[in-house]
Number of protein chains: 2
Amino acid sequence: MSDPSFAPRPTLEAVAARAGVSRATASRVVNGSEGVRAPLVERVRQAVDELGYVPNQAARTLVTRRNDAIAVVVAEPETRFFTDPFFAQQVRGISKELTARDNQLVLLLTEGTADYERVGRYLAGGHVDGALIFSLHTDDSLPTLARRAGVPTVIGGRPGWTDSDSDHGTLYVDCDNRGGARDAVRHLLSIGRRTIAHIAGPLDQTASVDRLDGFRDVLPETDPALIAEGDFTPEGGASAMAELLRRRPDLDAVFAASDVMASGALRVLRTSGRRVPEDVAVVGFDDMVSVAEWTDPPLTTIRQDIEEMGRLMARLLLRAVAPSAGPQSVPALSSIVTPTQLVVRASA
Amino acid sequence: MSDPSFAPRPTLEAVAARAGVSRATASRVVNGSEGVRAPLVERVRQAVDELGYVPNQAARTLVTRRNDAIAVVVAEPETRFFTDPFFAQQVRGISKELTARDNQLVLLLTEGTADYERVGRYLAGGHVDGALIFSLHTDDSLPTLARRAGVPTVIGGRPGWTDSDSDHGTLYVDCDNRGGARDAVRHLLSIGRRTIAHIAGPLDQTASVDRLDGFRDVLPETDPALIAEGDFTPEGGASAMAELLRRRPDLDAVFAASDVMASGALRVLRTSGRRVPEDVAVVGFDDMVSVAEWTDPPLTTIRQDIEEMGRLMARLLLRAVAPSAGPQSVPALSSIVTPTQLVVRASA
DNA sequence: GTCACGCGTGAGAGCGCTCTCCGGGTCGGC
DNA sequence: GCCGACCCGGAGAGCGCTCTCACGCGTGAC
């Protein structure tokens, strides 16, 4: 393969020579630091353009110890996770934010805990300045692993450990699952429903627990028979719905902990001859466009701004990574909980 | 934040000192090269373990000019793209393959062509050894850009340019869209359908064109009124279906160029009072689990092994990147077209 | 016993960049 | 008009690693 780009990439040295300045000055211009007189700046700029100079990141990292790269670690105990548009949207937000700050996104996918060791080594290896972690389960060791690697970390979703542990310095970004769930249930009450069931997500995930807690906040005395656990899949939602109908055929509303599960529930309701929303009102959670708007009928749901959450995660991490600007005045970064919003469509 | 990991990471020098050998020998052991006597190997290994030594990738890259990192570039003119599980699955395959070969995955998302310049700079900057490109549209400039940057590239999906250009050395991996489409239509014929319509994807994408070509291979004389263009969304499939029913209410089968569009078509068929498959048989394309299996009725479709395609892309690229092992005997890498498979469910 | 050969190891030169010093120039103050 | 302060720009020392090259020792052949 006769490589047309055989011309070795120009170095700072070459730029400096062409501009008639020293390497140091060229470096100053390239990095935009103050204290170089305008005419020189101009000459260096021109040399950079003419030569098509691009700084060698490896050399730079070697001396600055900064990578301008962030790892996004995805725990994927279940295959489903990465296929989930939820995650995709969040990554999009992260990517936008990182790009805006000239950081790269290194994606680390794990396939079961066997990969954790590899990820740990990678993080400890100082290849990245920080890590954004997505781990679904409360008992996941990934966050611990990152902390041990000494890498600043932000977690997507509230981690499972109790608040007293939070001064580990591990931050997270999550939406207000509990408040959203309360809104969903209150909406059902407001349209006159009285026998409200809940299809929960897997209860080893904090999001599921929080949504269930929100449900119970409003309906503390609910018959346990009105609560069934799904697994965030359509089929899980379907079988949970079937189970609920068996236990309480008189129910007149369902709050599902995700749109995807709600879509499964809708199918079962239709099959069982119930009309939605006339006989049974349904509220979902997530407002996943590809799901909520295209169910039949379109789903009333709780919206969370997933992309924004991603952006916030990145922003928070970059701030944690940044060399503490103020002299000792670390403004004590804290975790973020974003608001949710009720979106009323036809199903409730 | 009193950083507990204040201990500076050990260097090769430290390992060498502890093992009582030279830096060179330590390096040889770490990189697994031959010609170091067993006892020394053992001593170095132990020193590595005790010190928790992890090689500094930046320093290594600086001298070897290899990054052990691959960029995955996603052109995202439409928001839909990244949300598409199709892409997610492919990335999973890529990730697995890269991980297996100790390469990192750097994700580059572009938001409109404005970002192309940035991506070009990045690729030209030698931060990665190669690039995997996903660009939907035939006229997309991303592949050209990568070629100009002098970075080995593999494209996901057949690129739009004609075959005579292909000796640019730009490789691609695609599934046999045309053959799959032929299978779909032949299946419809085999179950006795005679008036077969096609919902095509956007015809500025090669996948759509190829599937349409496959359709025409089997039914060269089809009434143009039996072909409508969708946009790979459920709503696009729905309106195409509505249009087809208006033009040819007598149709008895539809081959949709994607499962997602087929799902939209199913809804319209139901609304219009047609039974599936009794009145109208429907075949999709992709076999996207979350869609095809959960439509009502479940969709007969053409399966493509998306994850495998991702894996193949990565493998092909790594081979292209590898220092040509054989003496001049470059085995002329070539693009790959993977087979498809008919999956019969209830809809046809 | 001597010489040639070869394998295994060490010394050292960078890879391209940043950043700390310093030196030299310029300007203001008295 | 001279001295000191200030500021801009250059020289040079590494960052941690790989890899070439040269050297030393052990082995086998004559």
Side-chain angles (χ1 to χ4, degrees), chain A residues 7-45 47-48 51-69 102 121-122 124-129 323, chain B residues 7-45 47-48 51-69 102 121-122 124-129 323:
Chain A
R9 291 200 298 122
T11 70
L12 232 209
E13 187 79 51
V15 171
R18 184 173 194 108
V21 299
S22 75
R23 213 172 53 241
T25 300
S27 172
R28 279 188 270 259
V29 172
V30 168
N31 293 304
S33 54
E34 299 298 304
V36 180
R37 255 179 296 236
L40 284 198
V41 171
E42 197 39 52
R43 291 220 311 268
V44 173
R45 288 256 164 76
V48 166
L51 264 40
Y53 170 75
V54 182
N56 180 317
Q57 184 63 33
R60 187 178 270 177
T61 295
L62 188 55
V63 39
T64 60
R65 267 98 214 305
R66 294 186 57 258
N67 295 282
D68 294 322
D102 265 321
R121 256 208 327 276
Y122 186 77
H127 302 238
V128 291
D129 300 331
Chain B
R9 289 201 296 123
T11 70
L12 232 209
E13 188 77 51
V15 172
R18 185 174 193 106
V21 299
S22 74
R23 212 172 52 241
T25 299
S27 172
R28 279 187 271 259
V29 172
V30 168
N31 293 304
S33 55
E34 298 298 303
V36 179
R37 254 179 297 238
L40 285 198
V41 170
E42 197 38 52
R43 288 213 324 258
V44 173
R45 287 257 165 75
V48 166
L51 263 39
Y53 170 75
V54 182
N56 180 318
Q57 184 63 31
R60 186 178 271 177
T61 294
L62 189 55
V63 39
T64 58
R65 266 95 217 302
R66 295 185 57 261
N67 295 283
D68 295 323
D102 265 321
R121 256 207 328 276
Y122 186 76
H127 302 239
V128 291
D129 300 330

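So you know, we letter chains A, B, ... as the sequences are listed, proteins then strands, and number each from 1.
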Peer 1: When you compare the protein's N or O atoms with those of nucleotides 8-10 of chain C, which come within less than 3.5 Å of each other, and at what distance?
Peer 2:
unit_1, atom_1, unit_2, atom_2, d
dG8(C), O3', Arg37(B), NE, 3.4
dG8(C), O3', Arg37(B), NH2, 3.0
dT9(C), OP2, Gly35(B), O, 3.4
dT9(C), OP2, Arg37(B), N, 3.0
dG10(C), OP2, Ser22(B), N, 3.0
dG10(C), OP2, Ser22(B), OG, 3.1
dG10(C), OP2, Thr25(B), OG1, 2.8
dG10(C), N7, Arg28(B), NH2, 3.0

Peer 1: Test your reading of the model: is there a side-chain donor-acceptor pair from Asn56(A) to the backbone of Ala58(A), 3.5 Å cut-off?
Peer 2: yes
Peer 1: Looking at DNA chain C, which of residues 54-63 of chain A put a heavy atom within less than 4.0 Å of it?
Peer 2: Pro55(A), Asn56(A), Ala59(A), Arg60(A), Leu62(A), Val63(A)
Peer 1: Whole-Å distance between dT18(D) C1' and Arg65(B) CZ?
Peer 2: 12 Å
Peer 1: For the helix from dG1(C)-dC30(D) to dC30(C)-dG1(D), measure the angle between the helix axis at one end and the axis at the other, each built from five pairs, rounding to 10°.
Peer 2: 40°
Peer 1: Name all residues meeting the salt bridge (charged side-chain N to carboxylate O under 4.0 Å, His left out) criterion together with Arg18(B); count only those two or more places apart in sequence or in a different chain, and write none if there are none.
Peer 2: Glu50(B)
Peer 1: Do the non-hydrogen side-chain atoms of Leu12(A) and Pro55(A) ever get within less than 4.5 Å of each other?
Peer 2: no
Peer 1: Rounding to an integer number of Å, can you tell me how far Leu12(B) CG sits from dG14(C) P?
Peer 2: 20 Å
Peer 1: Do the side-chain N and O atoms of Asn31(B) and Arg60(B) include a donor-acceptor pair separated by under 3.5 angstrom?
Peer 2: yes
Peer 1: Rounded to the Å, how far apart are Glu13(A) CD and dC17(C) C1'?
Peer 2: 11 Å
Peer 1: Could you tell me how far apart Leu51(A) (CG) and dG16(C) (P) are, to the nearest whole angstrom?
Peer 2: 14 Å
Peer 1: Is the backbone of Val21(B) close enough, under 3.5 Å, to the side chain of Thr25(B) for a donor and an acceptor to pair up by distance?
Peer 2: no
Peer 1: With no hydrogens and no angle check, is any side-chain donor or acceptor of Arg9(A) less than 3.5 Å from a backbone partner on Val54(A)?
Peer 2: yes
Peer 1: Rounded to the nearest 0.5 Å, how far does CZ of Arg45(B) lie from CG of Leu40(B)?
Peer 2: 12.0 Å
Peer 1: I'd like to check the salt bridge (charged side-chain N to carboxylate O under 4.0 Å, His left out) partners of Asp68(A); sequence neighbours left out, ordered by chain and number.
Peer 2: Arg66(A)
Peer 1: Given 3.5 Å as the limit, does a donor-acceptor pair link the side chain of Ser27(A) with the main chain of Arg23(A), or not?
Peer 2: no
Peer 1: Going by salt bridge (charged side-chain N to carboxylate O under 4.0 Å, His left out), name the residues that satisfy it together with Arg28(B), two or more places apart in sequence or in a different chain.
Peer 2: none
